[in-house]
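Written out below as C-alpha cells is the structure these notes cover.
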Amino acid sequence: MKDNILNNLNEQQTLAVKAVEGPIMAVAGAGSGKTRVLTRRIAYLIQEQGVFPSNILAITFTNKAAEEMKKRVVKLLDSSLEGAWISTFHSMGAKILRSEIHHLGYERDYQIIDDDDSAIIVKNLLKEHNYDIKNYSPKITSHLISSIKGEHTSVNQISDPIRSMIIQIYPLYNKYLKDNNLVDFQDLLVLLLQLFRQHPKVLKKYQDKFEYILVDEFQDTNDLQYEIVKLLAINHRNLFIVGDEDQSIYAFRGSNIENIKKFIKDFPEHLTILLNQNYRSKDTILKAANSVIKKNRNRIKKELFSQLGEGEKIIHYKAGTDEEEAYYVYEKIKSYLLKGENLSDIAILYRNNAMSRKFEDIFLKFNLPHRVIGNISFYKRKEIKDIIAYLHLIINMGDDYSFTRVYNTPKRGVGNATFAKMVEEAKENNIKLFDVVDEQSEILKGKAKSSMIDFKKVILELKEEINHQSLLDTYDQLIEKTGYKAMLENDDSTLDRSFQAERKLDNLYEFKSLILEKIAGYDVSFDNYEILVNLLNDLALHEQAQEIDEAGEYVSLMTVHAAKGLEFKTVFIVGLEQGIFPSNQSIKERFDIDEERRLFYVALTRAKENIFITNCRSRFMYGEFKENLDSQFIEEIDSDLIERKGMYQPRKESFEKPKHRKSIDFDESKFSYTSVEKNVRVGDKIEHKSFGKGVVVAIEDEKIRVAFPSPTGIKILIKDHPSYEVVGK
C-alpha cells in the first residue's frame with residue numbers, strides 16, 4: 001500500500017507527503033499536482049503513520065473539491081474514510097456550531113439564512129425605525145453589516161449619517177438573528193471564532209481532536225479563516241498549507257494574500273517545500289508565465305518547469321478591429337478541428353463578461369458549437385431578452401408572448417389577478433392582449449390603467465416613427481420612454497450578484513453596438529423596419545442554434561476568474577489591451593496591477609500546448625469605438641517566446657505608474673486622469689463605471705469609502721476621480 005501512496009511522485013512531492021510533523025508550507029505552482037499531494041498525504045498519515053481519520057482536518061474552498069479529495073483518498077486506502085473531516089471552511093463551522101453553539105446562547109437546531117433573507121430582515125428593521133429605504137438601501141446596508149461582522153470594515157471608518165444608522169441597526173440585526181435562532185453565512189465563521197476565543201475548553205477539545213490540519217488554496221483565505229486555523233493548530237503545530245501567491249486573484253472576495261506572510265511569522269520553524277514541476281504545460285508556456293509573474297513584488301520566487309517538451313511559440317495576433325479579432329480566433333479553431341482536435345480542448349478567456357458577445361456572434365454565424373461558462377450567454381440575459389421582447393412588440397403588437405414578458409417591466413401596477421382578467425377578456429373577444437389596454441377598459445383602473453396606456457402609446461409612437469429616424473434613435477427612445485433604463489439606474493440590484501459586477505446597463509449599451517453592426521450590413525434599399533425584422537429573426541435563429549450546440553461538444557468561453565483550476569489543450573486569451581486587461585480600475589484606482597498580472601499568469605497556465613493572445617487596434621464596445629494600447633503584459637513576455645502576427649508595432653509609451661496621483665493632465669493614451677473637484681458627502685449615492693451603484697460611508701482626506709452590493713463590497717476610491725458620478729442624496 002505504501003508503494004501505491006508514494007507512486008509517481010517526484011522528489012519534492014514525496015517530501016511534502018512524508019514530512020509529517022510540524023508546520024509545512026508547500027508552495028504549489030500552477031499544475032504542480034497539489035491535489036495529488038494533499039490526498040496522498042492524508043492517505044499516508046492514516047496508512048503509514050497510524051493516525052486516526054477523526055484526528056485529521058482537511059479544508060478546501062468548494063464542496064466539489066472536498067468531494068473529489070474524499071474519493072481520491074478512499075481509492076488510495078481501498079477503504080472508507082470514516083471520521084475524517086474534509087470540508088469547506090463554512091461546512092466545518094456549521095458542523096462545530098451544531099454541537100457547540102449553545103455556549104453562545106443559541107439552540108443547536110439553528111437555521112442558516114442566505115443573503116436575500118438578510119436583506120429582508122434589514123429592510124424590515126430600517127422601516128421599523130423610520131429610515132427611508134430609498135436613501136438607505138437594504139441590500140447595501142446588509143452587505144455593510146456583513147463586512148463589519150467579518151472585520152473587513154470598522155464602524156469607526158464610516159461617517160454620519162450612515163454611521164449613525166449602522167450603530168442603531170447593526171445590534172438590532174444581530175439581536176433579531178439570535179432571538180430567532182438564525183445565523184447568516186458570515187456567522188458560520190464569526191461565531192466559530194467567537195466560540196474559540198471565549199470558551200477555551202471548547203477550543204482545547206478541537207485542538208486535541210485535529211492533530212493534523214491541511215489547508216488547500218491558502219492564498220485565498222481571509223482574515224477570519226486564518227485566525228480559526230491558527231487557533232486550532234497553535235499547540236500541536238502540525239499545520240500543512242498548500243498555496244501559491246502567484247495565483248491569488250480573489251481580493252475582491254476578501255482573500256488576503258498577506259496570510260502567507262502571517263503563517264511565516266506565526267510558525268517560524270516551518271519547512272518550505274517548493275512544488276515547481278508542472279505536469280500540465282509545455283515549457284515555452286511556463287517560461288512565458290515565469291517572465292511575466294517575476295515583475296510582481298514581494299513574492300516567493302519560483303520558476304515553473306516542465307518535462308513535457310519545449311512546445312510552440314506563443315502567437316500574438318493584433319487585428320484591425322474586434323470583429324477581425326473574433327474571425328481570426330474562429331479560423332484558428334476551424335484549422336484545429338480539421339486536424340482532428342476536439343472542441344472541448346479549446347477555451348477562449350477574457351477579462352470581463354461583456355467580451356463574450358463578439359465571439360458568440362461569429363460562432364453562431366458559422367455554427368461553431370460553444371458555451372459561455374460561469375455566466376449566461378449574452379442573448380439569454382434577462383435585460384437582453386426584455387429589450388428583444390419590446391422590439392418584437394414594435395414590429396408586431398399582436399405578439400402576446402412578448403407583451404406578457406414586458407407589460408409589467410418596469411412595474412406598472414398590474415397584479416397577477418388583473419393580468420389574468422386581461423387574458424380572459426382577450427380570449428372571450430378574440431383580440432390581442434395589446435388591444436385590451438384601452439381607455440374604456442373596466443379591468444384596468446387607477447395608476448395601472450394610466451401606466452399601461454402610456455406604455456401602449458410609447459410602442460405605437462415608436463412603430464410610427466421607425467422609418468423616420470435612425471434605428472439607434474428608436475432604440476434610445478425605447479429604453480428611455482418605457483422606463484427600462486431608469487429602472488436599472490435606480491435599482492440597487494442592477495449589480496448582477498451572480499456574475500461578479502457585470503452591470504445590466506452595460507449589456508443594454510452593448511446591444512446598441514449589435515444594432516449598429518446590423519445597420520452596417522444592409523444597403524439603402526432596406527428600411528429600418530425591415531432591418532429590425534431581420535435582426536430579430538437572426539437572434540431567434542442564434543438562440544435555437546445555441547440550444548443545439550450545448551447538447552454536445554463545444555468551445556468554452558469564460559472569464560479568467562472562472563477558468564481557475566481548469567486546463568485546456570489550446571487557449572485563446574483575447575482583448576489583451578490596456579484598460580481591458582489590465583482593467584481600467586487597476587490602472588486608475590489602485591495604481592497597482594499585481595493582482596491583474598497574477599490573473600494573466602493564471603490565464604497562461606491554463607494551457608497545455610498552445611496559446612494565442614489577441615487584441616485589436618480599434619474596438620467597438622458599449623456603442624462606441626475605443627483605441628487602446630497593447631496590454632503591458634504582452635511586452636512582459638520574453639520576446640523570443642512570442643511570434644508576432646497582424647498589425648503589431650513596438651510600443652513607444654511607458655506603462656510606469658505615475659509618481660504623483662494628482663495634477664496629471666488627462667490623456668487616454670497614457671491612462672492617467674484629470675482631478676475634478678467633487679462635492680461628495682457621506683450618504684451620497686454614486687454610480688461607478690465598473691462597480692455600479694454604491695453609498696458613500698466615509699470620507700478620509702483625498703479618499704472616499706463606498707459600500708457596493710455583494711460581491712463587490714467596500715471599495716476605497718480617490719475622492720475627485722472621474723470614474724464615478726454622484727447620482728443622489
Side-chain angles (χ1 to χ4, degrees), residues 284-285 287-289 291-292 295 311-336 346-352 354-363 366 368 510 513 517 520 555 557 559-560 570-584 586-587 593 596-597 599-601 603-604 606-607 609-622 624-656 667-671:
T284 295
I285 294 170
K287 287 177 180 177
S291 66
V292 170
K295 302 287 185 183
E312 300 293 327
K313 284 189 175 184
I314 292 171
I315 303 297
H316 169 214
Y317 179 79
K318 182 164 185 176
T321 66
D322 50 342
E323 185 170 31
E324 183 187 330
E325 178 188 27
Y327 270 110
Y328 173 80
V329 172
Y330 164 72
E331 291 291 344
K332 295 306 296 184
I333 292 174
K334 190 170 71 171
S335 71
Y336 277 115
I346 302 172
I348 298 170
L349 307 184
Y350 35 77
R351 178 61 180 85
N352 60 69
M355 297 290 294
S356 73
R357 184 188 68 83
K358 184 65 69 175
F359 297 93
E360 289 185 69
D361 285 350
I362 299 298
F363 294 168
F366 293 103
L368 181 70
E510 186 63 15
S513 299
E517 292 165 9
V555 173
L557 292 85
T559 64
V560 183
T570 300
V571 169
F572 294 84
I573 309 172
V574 301
L576 259 294
E577 295 159 26
Q578 206 74 353
I580 296 177
F581 197 177
S583 67
N584 261 327
S586 70
I587 298 169
I593 62 167
E596 292 286 303
R597 187 175 285 111
L599 198 58
F600 184 56
Y601 173 84
L604 290 171
R606 297 312 93 197
E609 296 187 9
N610 309 297
I611 290 182
F612 294 83
I613 53 180
T614 68
N615 56 9
C616 59
R617 184 178 64 184
S618 177
R619 185 173 299 279
F620 193 56
M621 288 186 73
Y622 308 143
E624 62 182 17
F625 285 98
K626 296 177 182 294
E627 292 191 5
N628 302 317
L629 295 173
D630 290 352
S631 169
Q632 67 187 85
F633 299 148
I634 299 175
E635 303 295 328
E636 292 174 1
I637 298 174
D638 290 344
S639 58
D640 59 344
L641 301 174
I642 292 187
E643 181 180 346
R644 313 280 187 178
K645 294 190 175 184
M647 304 179 67
Y648 170 76
Q649 290 183 343
R651 165 181 57 83
K652 296 179 180 179
E653 295 85 348
S654 170
F655 289 121
E656 292 298 318
D667 180 347
E668 278 292 338
S669 67
K670 294 183 174 60
F671 297 95

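Note that the structure is predicted; figures quoted are calculated from it, not measured.
In this structure the side chain of N628 never reaches within 4.5 angstrom of the side chain of N615, judged on heavy atoms. In this structure the side chain of E331 never reaches within 4.5 angstrom of the side chain of F366, judged on heavy atoms. With a 4.5 Å cut-off on side-chain heavy atoms, R351 and L599 count as touching. Counting heavy atoms from C-beta on, the side chains of L576 and F600 come closer than 4.5 Å. The side-chain heavy atoms of I580 and M355, taken from C-beta on, include a pair separated by under 4.5 Å. By the 4.5 Å heavy-atom criterion applied to side chains, S583 and E596 are counted as neighbours. Between F581 and V560, some side-chain heavy-atom pair lies under the 4.5 Å cut-off.
The minimum heavy-atom distance between L557 and S356, with the atom names listed, is CD2-O, 4.2 Å. In this structure, F572 and I333 approach most closely via the heavy-atom pair CE1-CG1, 3.7 Å. Taking both residues in full, the closest heavy atoms of K358 and A326 are given as CG-CB, 3.6 Å, listed atom of the first, atom of the second, then distance. Considering every non-hydrogen atom in both I573 and A603, the closest pair reads CD1-CB, 3.7 Å. Between Y330 and I362 the shortest heavy-atom distance is CB-CG2, 3.9 Å. Taking each heavy atom of E312 and T284 in turn, the nearest pair found is O-CG2, 3.5 Å.
The CD1 atom of I593 lies 6.5 Å from the CD atom of Q578; values are rounded to the nearest 0.5 Å.
With respect to D638 and K287, no salt bridge is recorded, no charged nitrogen being found less than 4.0 Å from a carboxylate O. A salt bridge links E577 with R619: the distance from a Lys NZ or Arg NE/NH1/NH2 to an Asp or Glu carboxylate oxygen falls below 4.0 Å.
Here the side chain of T614 pairs no donor or acceptor atom with the backbone of E325 at under 3.5 angstrom.
Using cut-offs of 30° and 60° for the angle between ring planes, the Y328 and F612 rings count as perpendicular.
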### Task
Give the C-alpha distance, both sets of side-chain angles, the deciding distance and a yes or no for salt bridge (Lys or Arg N to Asp or Glu O under 4.0 Å) between E360 and R357.
CA-CA 5 Å; E360 289 185 69; R357 184 188 68 83; over 6 Å; no
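Within 6.0 Å of CZ in R617 there are 12 or fewer heavy atoms belonging to other residues, nucleotides or ligands.
Between H316 and the options R644, E643, K645, a side chain to side chain donor-acceptor pair (under 3.5 Å) holds for only R644.
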